[in-house]
Amino acid sequence: PARPDLISDDFVFRGPIIGPLCKSDYLQTLDTNKVYEAFPDLASGAFGYTVDPQEPARIWFFTRFTGTNTGPIRLGNFLE
């Protein structure tokens, strides 16, 4: 399950399709989709950290998720 205590209050999620999402919207999205129920052993591995040459306070990286699908994933109110 999501761990809100590990996410900064000024966290912003920016994805290729959705976002930006503030912390509360991001947590609500995770709760709506029930990702952690569909993939109970979901793990994320971040790699390839790079400092942005034009914005030194910004870090870019990749994430690769692995997990076993053991139940339905809900896509909002559309599918189950």
Side-chain angles (χ1 to χ4, degrees):
R3 298 275 311 274
D5 54 311
L6 298 179
I7 300 175
S8 173
D9 288 336
D10 62 354
F11 169 86
V12 177
F13 174 84
R14 290 181 176 89
I17 297 173
I18 61 169
L21 299 176
C22 65
K23 177 182 177 176
S24 62
D25 290 343
Y26 176 75
L27 292 170
Q28 179 63 41
T29 300
L30 290 180
D31 187 54
T32 299
N33 293 338
K34 308 291 186 193
V35 172
Y36 294 104
E37 289 180 15
F39 298 88
D41 60 345
L42 187 65
S44 171
F47 63 96
Y49 294 91
T50 305
V51 176
D52 188 311
Q54 295 180 357
E55 296 182 55
R58 178 176 283 189
I59 305 296
W60 296 95
F61 61 94
F62 298 94
T63 57
R64 181 172 291 133
F65 289 88
T66 60
T68 307
N69 183 205
T70 61
I73 187 166
R74 293 157 184 84
L75 300 175
N77 296 324
F78 303 108
L79 301 169
E80 183 171 319

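Nothing here was measured: the structure is a model prediction, and the numbers come from that model.
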Verify the distance criterion only: is there a donor paired with an acceptor across the side chains of Ser24 and Gln28 at less than 3.5 Å?
->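 Side-chain D/A pair, Ser24 to Gln28: absent.
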Using every non-hydrogen atom in the two residues, find where [X] and [Y] come nearest and quote the distance to one decimal.
X     : Y     : result
Lys23 : Pro4  : NZ-O, 3.0 Å
Thr29 : Leu21 : OG1-CD1, 3.9 Å
Pro56 : Val51 : O-CG1, 3.6 Å
Phe61 : Ala46 : CD1-CB, 3.9 Å
Phe65 : Ser44 : CE2-CB, 3.4 Å
Pro40 : Thr68 : CD-O, 3.6 Å

Quick check: does any side chain N or O of Asn69 sit under 3.5 Å from a backbone N or O of Gly71, one acting as donor and the other as acceptor?
->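 Side chain of Asn69 to backbone of Gly71, a donor-acceptor pair under 3.5 Å: yes, one is there.
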Hey, is CZ on Phe47 packed in by over 12 heavy atoms from elsewhere, all under 6.0 Å?
->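 For Phe47, atom CZ is crowded (more than 12 foreign heavy atoms under 6.0 Å).
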According to a 4.5 Å side-chain heavy-atom criterion applied to Ile, Leu, Val, Met, Phe, Trp and Tyr, with indirect links allowed, do Ile73 and Ile17 form part of one hydrophobic cluster?
->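 In one cluster with Ile73: Ile17, yes.
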Tell me whether Leu42 is reachable from Leu30 by hopping between hydrophobic residues (I, L, V, M, F, W, Y) whose side-chain heavy atoms are closer than 4.5 Å.
->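 Yes.
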4.5 Å side-chain heavy-atom contact, Ile18 and Phe13 |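 Answer yes - side chains close enough.
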